[in-house]
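These values consider heavy atoms only, across backbone and side chains, with no hydrogens, waters or symmetry-generated copies.
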Amino acid sequence: MSATARLNWTWGLLSVITIVSWLLGAKHGAQPFEPSVPITAFVVLAALIKVRFIIREFMEVRVCPLWIKLVSDAWLVGFALVFGLIYLR
């Protein structure tokens with residue numbers, strides 16, 4: 001797959017994830033908004049997946065040495081854990 005095709009597919013996937021997150025998180029209809037833990041968890045997980053795609057594809061970490069890939073993934077996991085602990089607290 002060419003670099004252009006890969007970036008187009010990545011951009012498309014990021015757009016789909018964004019639209020699905022918005023559809024799940026937006027208030028639809030006349031009912032009052034009620035927070036939902038599963039929907040919130042899905043939207044946060046989708047955001048973390050999007051961040052990984054952005055780091056790998058648009059920041060060119062995909063072609064970096066292995067240690068940079070591992071550090072970026074460890075940073076993302078650490079961020080997710082800290083965010084989760086703060087959210088659950």
Side-chain angles (χ1 to χ4, degrees):
M1 180 181 292
S2 71
T4 303
R6 184 175 46 253
L7 288 177
N8 286 337
W9 276 102
T10 302
W11 180 84
L13 181 63
L14 292 172
S15 297
V16 167
I17 292 171
T18 299
I19 291 168
V20 169
S21 296
W22 177 79
L23 288 172
L24 287 175
K27 178 182 171 187
H28 301 287
Q31 295 85 13
F33 179 77
E34 293 182 22
S36 169
V37 173
I39 290 176
T40 302
F42 174 81
V43 170
V44 169
L45 179 64
L48 292 171
I49 291 169
K50 286 172 56 176
V51 168
R52 187 165 191 277
F53 274 116
I54 290 169
I55 289 172
R56 287 290 170 121
E57 295 298 326
F58 296 105
M59 297 177 74
E60 301 285 334
V61 171
R62 171 181 48 80
V63 296
C64 289
L66 179 61
W67 73 270
I68 294 177
K69 294 176 187 177
L70 294 175
V71 167
S72 68
D73 286 345
W75 176 85
L76 189 59
V77 168
F79 177 81
L81 290 174
V82 169
F83 185 81
L85 290 173
I86 291 171
Y87 181 74
L88 293 174
R89 193 174 147 222

For the OH atom on Y87, are there more than 12 heavy atoms of other groups (residues, nucleotides or ligands in this structure) within a distance under 6.0 Å? yes
Linking I/L/V/M/F/W/Y whenever their side-chain heavy atoms sit closer than 4.5 Å, directly or via other members, would [X] and [Y] fall into one cluster?
X	Y	result
V77	L48	no
I54	W9	no
V16	W11	no

For the student: nearest non-hydrogen atoms of [X] and [Y], plus distance:
X	Y	value
V43	S21	CG2-O, 3.9 Å
I49	I17	CG2-CD1, 4.2 Å
L76	V51	CD1-CG1, 3.6 Å

When you look at V82 and I86, which way does the side-chain contact (heavy atoms from CB on, under 4.5 Å) test go after all the steps? CA-CA 6 Å; V82 169; I86 291 171; 3.8 Å; yes
Working to the nearest 0.5 Å, report the span between [atom1] of [X] and [atom2] of [Y].
X	Y	atom1	atom2	answer
M59	C64	CE	SG	9.5 Å
L13	F53	CG	CZ	4.5 Å
R56	T10	CZ	OG1	12.0 Å
E60	I68	CD	CD1	12.0 Å

side-chain contact (heavy atoms from CB on, under 4.5 Å), that's the test. Do R52 and V61 meet it? Break it down for me. CA-CA 10 Å; R52 187 165 191 277; V61 171; over 6 Å; no
Polar side-chain atom of K69 near backbone of R62 as donor-acceptor pair, under 3.5 Å: yes
